[in-house]
Amino acid sequence: MDETARYEHVPLTVYNSLRRAQEPFSALEPPFVGMYVCGPTVYSDPHLGHARSAVVFDVVFRYLRFLGYRVRYVRNITDVGHLEDEQADAGEDKIAKRARLERVEPMEVVQRYTLSYHDGMRRMGCLPPSIEPRASGHILEQIEVVERIVEAGLAYEADGSVYFDLQKYAGDAASDPARRDGGDGSPYGQLSGRVFEDLMANTRDTAGAEQKRSGLDFALWKKAEPQHIMRWRSPWGEGFPGWHLECTTMSTRYLGEQFDIHGGGLDLQFPHHEAEIAQSHGAFGTDPARYWLHSNMLTVDGQKMAKSLGNFITLEEMFTGAHPRLEQAFSPMVLRFFMLQSHYRSTVDFSNEALAAAEKGYQRLMTGLQHAEQVLADEIAAEAAALAEAPLERSSVGPQEDEIAAAGRAIPAPGTVTADGDHAAAVVAQIDACWKAMGDDFHTPKTIAALFELTRLTQRPEHASAPDELRRAAARTVRGFVRAVLGLHPEEEAASGAAPDRLSAVMELVIALRAEARKAKDFATADRIRDTLAAAGIQLEDGRDGTTWVTT
RNA sequence: GGCGCCGUACCCAAGUGGUAAGGGAGAGGCCUGCAAAGCCUUCAUUCGCCGGUUCGAAUCCGGCCGGCGCCUCCA
């Protein structure tokens, strides 16, 4: 196996919303990649939508690392709640409202639901981002960004609030050829495919209620009315930052004025991300991100998930099955597998039937994984031993000693394995198919299909006599793509964190005892052992070369 | 009203010009003390409907029908 980073050999194309086309990915400064993703507003428990977005970009994060990139993944926590009501002056901050209802401090609301979010995403198999900045911790920086935009002449102050002047911005863009050719700039509307003039024409004239020069203008800084709890001092009086400002500010602070990837839910494309682009041009004269990725929305029983429709499901409800729409509980890994079985740019519809099918598919894949890991038992044991010797705890935060990159390097790059015979050729084709699928805009459904094919091939009789090198390559591919890239693992691993060595020793003994019983044709005892273990989540598999076990 | 997406077998879901991936469910078989797991075979002459372009279309164009989403900050 060669030690160069995989990204030098393995192609990756991504769908860039900015140009509505799939294009080759190239990092600004390889091997580093900067990625910013819009995170949650923490005022209620995490739901399926949060999980989908987090899972999608978790896989992007993982695959980039798998390719050998050093990724700084920044995802914000919005803890300055946006105003609920469109009529800003009459509106109430969502976090403040929840705080009032629960009779606690706003920051207690933030803390509670931040923890709830973290716990949910951890259970969904999402790695923590490299940095998770909060809006409330970056008020000064946000004020500075507003000042820059004002200095650039693209914002105006009115009665203690500051608004972005879209008319001016769009006019500048139109008159500047460099910003019309898709090169260095983005006129307002390009990302979401909207035409500025149409937007202007269709805007309701809400200017009467506010001080905006045009209905499209958005607030950079908002004056706090007396009833607003969350407020900070600024050059324009007491107030709070505008709805779109934190992302511009924090992405710039941690990733620079221009970085590689900006992600978020499709619902944020307009106006949030358009506003970010406009703000970046106003403050820094540049497009913030080179690639914009948007994860599509989800539906439940064919309809948008909304509280008013009675199909709004939180993660906790999903995990426990405690929701009128659910016929059973679904575990975090099953949910993750289910989401990954459709492409991130498609809508995914949650239904009992589809989820139940995914549960079976997930179990099948896990069995395949465990079969692969039996082939690699020696090297996995060595890894575990090395891990045990490593000092202190490790995390994905901070400098990445990257086991994900290592997993990528352990798998042969496409076209580097020579196959001898039909079977070997078929195996190699599926290994290559995994790389190809992920390189095709993170196409997890195709990747999963290839993994099913691969695990099937490795279970065929002729695979037993295949060269050791091929068997290991196949097993490492399954292990690497399932665990490191897709982030899927057997369910009970996360729950128990059991000591695998101890369990193995016990299982060895139990299997030996049962073998003796079977030899003596004492099937009552043999079946009792098997049934008892099965009830405890351990499935025995009697094969030609003895009995193995997998967890269920 | 503006913008956009989707409609592929019983269910989910890839495929976007070259003769229908994968998973689940179903049927048959192999293996097995019986199982489980796995493997093999089978399961859409057809891709919402109607036209058109093409040697050739699920894939391109037009129309129609049906479902959905965004523009309401919700991921």
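Order of the sequence lines sets the chain letters (A, B, ...), proteins ahead of strands, with each chain counted from 1. Side chains are part of it too, since the values below use all heavy atoms of this structure and drop only hydrogens, waters and symmetry mates.
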Specify the separation, in whole Å, of atom NE2 of His294(A) and atom C1' of G69(B).
-> 15 Å
Output a table of nitrogen or oxygen pairs between the protein and nucleotides 39-41 of chain B separated by less than 3.5 Å.
{"from": "C40(B)", "atom 1": "OP1", "to": "Arg456(A)", "atom 2": "NH1", "distance (Å)": "2.4"}
{"from": "C40(B)", "atom 1": "OP1", "to": "Arg460(A)", "atom 2": "NH1", "distance (Å)": "3.3"}

Thinking salt bridges, do Arg514(A) and Asp542(A) make one under a 4.0 Å N-O criterion?
-> yes
Whole-Å distance separating the CG atom of Asp522(A) from the C1' atom of C34(B) = 14 Å
Select one nucleotide: of C73(B), C11(B), A36(B), the one nearest the side-chain heavy atoms of Trp243(A).
-> C73(B)
Interatomic distance where NE2 belongs to His272(A) and P belongs to C71(B) [whole Å] | 13 Å
Rounded to the nearest Å, what distance is computed from the NE2 atom of residue His343(A) to the P atom of nucleotide C5(B)?
-> 14 Å
Aromatic ring centroids of Trp435(A) and Phe481(A) under 6.0 Å?
-> yes
Cation-aromatic face contact Arg75(A)/Tyr36(A), 6.0 Å, 45 degrees = no
Over how many whole Å does the gap from Arg518(A) atom CZ to G33(B) atom P extend?
-> 7 Å
CZ (Arg325(A)) with more than 12 external heavy atoms under 6.0 Å = yes
Val510(A) pairs by side chain to side chain contact (heavy atoms under 4.5 Å, CB included) with which of Thr532(A), Thr547(A), Leu533(A)?
-> Leu533(A)
For RNA chain B, determine which residues of residues 299-314 of chain A have any heavy atom closer than 4.0 angstrom to one of its atoms, and list them numerically.
-> Gly302(A), Gln303(A), Lys304(A)
About how many Å separate CE of Met124(A) and CG of Asp58(A), when rounded to the nearest 0.5 Å?
-> 9.5 Å
Flag side-chain contact, heavy atom, 4.5 Å: Phe259(A) against Met35(A) = no
Considering only side-chain heavy atoms of Met297(A), which listed nucleotide, G24(B), C34(B), A75(B), is closest?
-> A75(B)
CZ of Phe350(A) versus P of G69(B): gap in Å, rounded?
-> 15 Å
Name the nucleic acid region contacted by Gln269(A), choosing base, sugar-phosphate or nothing; use a 4.0 angstrom heavy-atom cut-off, strictly under.
-> nothing
Does Ala449(A) or His244(A) map to a spot on RNA chain B nearer the 5' end, using the closest nucleotide for each?
-> Ala449(A)
According to the interplanar angle, ranging from 0 to 90°, do the rings of His228(A) and Phe240(A) count as parallel (below 30°), tilted (30 to 60°) or perpendicular (above 60°)?
-> perpendicular
With P as the reference atom in both, quote the distance from U19(B) to G24(B) in angstrom, rounded to an integer.
-> 26 Å
Ring centroid separation for His294(A) and His273(A), is it under 6.0 angstrom?
-> yes
When Val348(A) and Ser295(A) are each assigned the nearest nucleotide of RNA chain B, the 5'-most assignment goes to Val348(A)
Indicate, yes or no, whether a donor-acceptor pair under 3.5 Å links the base of G33(B) to the side chain of Asp527(A).
-> yes
From His371(A), Gln539(A), Gln370(A), Gln374(A), residue fulfilling side chain to side chain contact (heavy atoms under 4.5 Å, CB included) relative to Thr548(A) | Gln374(A)
Please tell me which of the listed nucleotides, C34(B), G22(B), A25(B), lies nearest to the side chain of Glu453(A)?
-> G22(B)
When you compare A21(B) with G15(B), how far apart are their P atoms, in angstrom units rounded to a whole number?
-> 13 Å
When you compare A14(B) with C47(B), how far apart are their C1' atoms, in angstrom units rounded to a whole number?
-> 13 Å
Listed nucleotide nearest any side-chain atom of Lys360(A), set A25(B), C12(B), A36(B) | A25(B)
Hey, does Thr367(A) reach any base, or is it just sugar-phosphate, or nothing, if we go heavy atoms under 4.0 Å?
-> sugar-phosphate
Taking G33(B), C73(B), G15(B) as options, the one with an atom nearest any side-chain atom of Lys446(A) is G15(B)
Distance (rounded to the nearest 0.5 Å) between Cys126(A) SG and Phe61(A) CZ | 11.0 Å
Could you measure between the two P atoms, the one in C49(B) and the one in C11(B), and give it in whole Å?
-> 15 Å
At under 4.0 Å between heavy atoms, what does Leu540(A) touch on the DNA or RNA strands: base, sugar-phosphate, or nothing?
-> base
Report which part of the nucleic acid Gly265(A) touches: base, sugar-phosphate, or nothing (heavy-atom distance under 4.0 Å, all strands).
-> sugar-phosphate
Please tell me which of the listed nucleotides, G23(B), G24(B), G33(B), lies nearest to the side chain of Gln341(A)?
-> G23(B)
Hey, does Gln539(A) reach any base, or is it just sugar-phosphate, or nothing, if we go heavy atoms under 4.0 Å?
-> sugar-phosphate
For the side chain of Arg52(A) and the base of A75(B), is some donor closer than 3.5 Å to an acceptor across the two?
-> no
How many Å lie between CE on Met366(A) and P on G23(B), as a whole number?
-> 15 Å
Sticking with atom P, work out how far U45(B) lies from A20(B), rounded to a whole angstrom.
-> 12 Å
Between A75(B), A14(B), G4(B), which nucleotide gets closest to the side-chain atoms of His443(A)?
-> A14(B)
Do the rings of Tyr63(A) and Phe442(A) sit parallel, tilted or perpendicular, given the 30° and 60° boundaries?
-> perpendicular
Watson-Crick or G-U wobble partner of C64(B), both distances under 3.5 Å = G48(B)
Could you measure between the two P atoms, the one in A13(B) and the one in C68(B), and give it in whole Å?
-> 15 Å
Under a 3.5 Å limit for both distances, which nucleotide forms a Watson-Crick or G-U wobble pair with G56(B), could you say?
-> none
Watson-Crick or G-U wobble mate for U42(B), both contacts under 3.5 Å | G26(B)
Which base, if any, makes a Watson-Crick or G-U wobble pair with G1(B), both distances under 3.5 Å?
-> C71(B)
With rounding to whole Å, what would you report as the distance between A35(B) and A75(B) at their C1' atoms?
-> 45 Å
Which part of the nucleic acid, if any, lies within reach of Leu48(A) when heavy atoms closer than 4.0 Å are counted: base, sugar-phosphate only, or nothing?
-> nothing
Report which part of the nucleic acid Phe270(A) touches: base, sugar-phosphate, or nothing (heavy-atom distance under 4.0 Å, all strands).
-> sugar-phosphate
Have a look at Ser346(A) and say if it touches a base, only the backbone sugar-phosphate, or nothing, with a 4.0 Å heavy-atom cut-off.
-> sugar-phosphate
Quick one: which of A35(B), G24(B), A75(B) gets closest to the side chain of Ala357(A)?
-> G24(B)
Of the nucleotides A75(B), G33(B), G22(B), which has the atom closest to the Arg514(A) side chain?
-> G33(B)
May I have the distance from Leu266(A) (atom CG) to A75(B) (atom P), rounded to whole angstrom?
-> 14 Å
C1' gap between C43(B) and G28(B), integer Å = 12 Å
Has Lys307(A) got its NZ or CZ under 6.0 Å from the middle of the six-membered ring of Phe312(A), at an angle within 45 degrees of the ring axis?
-> yes
Does the ring center of Phe319(A) lie less than 6.0 Å from the ring center of Phe330(A)?
-> no
